[in-house]
Amino acid sequence: MHEGREAPPRGESRDIGRAFQGGEENRAMDVVREAPPLVELRGVSKVYRTGDVEVRALRGVDLSVQPGELVAIMGTSGSGKSTLMNILGCLDKPTAGEYLLDGRNVARLDRDGLARVRNRTLGFVFQSFNLLARTTALENVELPLLYAGVPTRERQLRARAALERVGLGERLEHHPKQLSGGQQQRVAIARALVGRPRLILADEPTGNLDSRTSVEVMSLFQELQREGLTLVVVTHEPDIAAYAGRVVVVRDGRIVADRRQVPQAAVLLPEEEEAAS
Amino acid sequence: MNLLETLRLAARALLRSKTRSVLTALGIIIGVGAVIAMVAIGDGARASVQKVFDSMGTNLLIILPGSSNAGGARGGFGSQPTLTWDDLAAIRTELPAVRAAAPELRSNTQVFSDDQNWTTTVVGTTPDFFDVRSWTLAKGAAFTEPDNEAGAKVVVLGQTVVDNLYGAGANPVGQVVRINKTPFTVVGVTARKGQSPNGQDYDNTAFIPSTSFLRSVQAQSLGAYISGVVFVQAVSSSQTEQAQSEVTQLLRERHRLAEGEANDFDVRSLAELANGQQQSTQTLSLLLASIAAVSLVVGGIGIMNIMLVSVTERTREIGVRVALGARPRDILAQFLVEALTLSMLGGLLGAAAGVGVAKVLAAQFQWPMLVRPDVVVLALGFSALVGVGFGLYPARKASLLDPIDALRYE
Ligand SMILES: Nc1ncnc2c1ncn2[C@@H]1O[C@H](COP(=O)(O)OP(=O)(O)OP(=O)(O)O)[C@@H](O)[C@H]1O
Ligand SMILES: [Mg+2]
């Protein structure tokens with residue numbers, strides 16, 4: 001079923017199948033943890049060479065993320081978080097080590113294969129939103145579906161639904177310039193969602209937002225997690241990391257801490273909500 | 001992503017910077033317009049020349065007298081009379097491929113009406129001439145064979161002569177004009193014929209019987225020799241060559257030219273003359289069209305330049321698209337179709353401009369309006385080729401961008 005992995009013995013494979021079915025009926029944490037990991041990094045390192053200078057951005061990272069997890073990645077500036085995210089997002093290749101995404105070795109994919117993975121399996125949310133200017137919110141959200149070859153009508157319906165999902169049903173025809181930062185990031189989240197990916201990668205999604213809007217975004221991420229999506233979120237702020245069930249700390253290209261925690265619920269206080277509306 | 005989506009994307013990108021798109025397309029507009037206009041002008045000129053020659057008759061031959069080596073000095077054809085009246089009679093009667101033949105004796109002479117005078121070309125000929133040279137009579141009738149035999153003092157005037165002696169629209173039939181002090185009765189007026197290919201006014205002519213010409217107009221007598229050329233009409237266009245060889249054969253026999261001796265005359269068909277003219281107009285229009293084609297290539301370079309700028313400007317957009325799942329070929333198609341749209345748009349506008357210019361020029365020179373559809377298709381095809389050719393490099397460059405570099409591009 002998953003190429004690029006050695007086939008498990010028959011008996012075991014049947015057990016995993018049963019565990020999956022159990023997971024469908026009863027979403028207990030321990031059952032989820034038994035499922036094969038969605039992301040698996042094995043000894044991944046990344047070396048940048050600029051002239052004579054070698055920068056070792058990642059030095060042997062092992063990391064696995066189970067389906068349905070919301071992982072916060074923290075670390076000081078220059079510690080290698082973005083490098084890690086680029087590799088997770090199949091935008092960059094590790095210098096050494098293996099990356100299995102949904103059981104498949106990404107290194108074996110050609111350019112079209114990578115494009116397909118980015119299109120179907122992954123969803124990106126950027127710190128600077130990266131919406132196309134002079135293009136409406138709806139059209140921005142349609143983009144992944146465009147490259148997936150979804151027919152026009154269905155594409156529009158799904159993009160509209162995704163925007164309604166993030167609370168922007170009224171802003172379909174707005175251009176990014178006509179939206180606030182928080183709204184732009186929500187359009188970007190809708191765009192990351194619309195292709196029904198397995199994994200959402202967000203590199204400092206709240207970096208350009210105020211604290212209230214950041215809570216909104218994290219609340220949305222928690223909702224998506226509850227629906228079964230897997231999310232990896234890079235952040236500088238401990239406040240934001242508190243909303244994740246797992247915090248991974250990176251320092252000098254190495255994972256120095258990896259702990260699970262009870263996530264704080266991202267809800268706006270009633271009076272704040274009033275003030276917002 | 002399908003073609004329609006890609007086209008829509010290209011249209012939007014181009015509309016975003018309208019001025020730039022129009023200026024870029026201008027190179028192609030001018031190139032295609034110039035090619036179409038040049039070819040149309042060449043074709044128009046050719047057709048107008050053809051029309052003139054056609055109006056003179058495709059079954060027409062002209063016999064030019066020439067000198068033999070008499071006297072040691074060799075003149076060109078037409079410089080010395082070598083054709084006799086007996087030659088003409090033989091050509092008229094003995095040759096099966098010849099329908100008719102008529103001499104043309106010319107003299108520039110003043111013609112007087114009662115109160116006006118006008119210098120015109122007086123042509124002495126026989127009645128067949130009108131048919132051979134496709135002259136029709138607007139008023140009255142041509143002189144006849146008996147008139148010619150009797151040396152009757154009758155004249156058929158061209159329209160220009162009538163205009164100048166009697167005023168436009170007047171009917172001078174029955175009036176008397178004097179040519180070299182000899183009174184001639186006007187018996188007919190020819191229908192207007194216009195100008196010859198080299199700008200001569202055909203209608204500034206007065207026709208009189210050849211016998212009267214010899215007696216009253218020609219200064220010195222040449223006895224048996226014809227002091228002019230002879231026009232020969234073949235029985236049909238397809239028999240023109242046959243007639244040409246018959247005439248040559250006959251004249252060589254009559255002039256007793258030995259085997260290997262050069263002709264002392266020259267028989268030319270008007271088709272030959274027309275072909276010569278056609279060839280030179282064709283060469284000229286080919287030259288003009290190839291210069292225009294060069295400007296198309298220059299237009300293509302303009303497209304490449306702008307596409308390269310566009311790829312650089314939109315590096316970040318390309319990065320976003322790749323992150324969202326665009327394949328290299330999607331990016332390639334996006335920029336290629338954009339270049340193609342620019343060049344095809346330029347091609348269509350250029351074709352319209354070219355047809356317009358050709359129309360204006362055709363009206364100006366009173367040529368038939370000739371825009372060949374194959375030339376339009378060819379020009380459009382070429383501009384598409386230019387779009388693909390010069391768009392490929394920038395598009396390929398875009399499709400090979402590294403997504404991380406592209407996303408980080410400021
Ligand atoms: N393209 C590159 N070429 C050379 N060095 C690079 C490149 N990208 C990143 N680096 C280096 O790799 C190291 C890790 O960079 P990275 O962007 O992953 O850090 P980060 O943890 O995301 O930092 P920040 O929190 O500031 O975003 C840094 O020292 C950086 O200078
Ligand atoms: Mg970073």
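Chain naming here is simple, since letters A, B, ... match the order of the sequence lines and numbering starts at 1 in each.
- Using a 4.5 Å cut-off between heavy atoms, R314(B) makes no contact with chain A at all.
- In terms of heavy-atom pairs under 4.5 Å with chain A, the best-connected choice from P403(B), G319(B), P328(B), A323(B) is A323(B).
- The contact between V322(B) and chain A is made by backbone and side chain atoms together, counting heavy-atom distances below 4.5 Å.
- Within a 6.0 Å sphere centred on CZ of R16(B), heavy atoms belonging to other residues, nucleotides or ligands number more than 12.
- Considering only residues two or more places apart in sequence or on other chains, R165(A) meets the salt bridge (charged side-chain N to carboxylate O under 4.0 Å, His left out) condition with E223(A), E227(A).
- Environment of CD in E54(A): crowded, with over 12 heavy atoms of neighbouring residues, nucleotides or ligands closer than 6.0 Å.
- Ion pairing between D252(A) and R56(A) fails under the 4.0 Å rule for side-chain N and carboxylate O.
- S310(B) places no side-chain N or O within donor-acceptor distance of the main-chain N or O of I306(B), the cut-off being under 3.5 Å.
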Show me the side-chain donor-acceptor pairs of residues 83-95 of chain A shorter than 3.5 Å, one per line, residues at least two apart or across chains.
residue, atom, partner, partner atom, Å
N86(A), ND2, S82(A), O, 3.4
D92(A), OD1, K46(A), NZ, 3.2
T95(A), OG1, V47(A), N, 2.8

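- Ion pairing between R171(A) and E164(A) fails under the 4.0 Å rule for side-chain N and carboxylate O.
- No donor-acceptor distance shorter than 3.5 angstrom exists from the side chain of D405(B) to the backbone of D402(B), with no hydrogens or angles considered.
- At least one donor-acceptor pair closer than 3.5 Å links the side chain of S290(B) to the backbone N or O of L286(B).
- Contacts of residues 118-128 of chain A with chain B at a heavy-atom distance below 4.5 Å involve R118(A), N119(A), F124(A), F126(A), S128(A), listed in sequence order.
- When the heavy atoms of residues 129-136 of chain A are compared with those of chain B, the residues falling under 4.5 Å are N130(A), L132(A), A133(A), R134(A), T135(A), listed by number.
- Here L101(A) contributes atom CG and L38(A) contributes atom CG; the two are 5.5 Å apart, rounded to the nearest 0.5 Å.
- Counting non-hydrogen atoms of other residues, nucleotides and ligands closer than 6.0 Å to CZ of R59(A) gives a total above 12.
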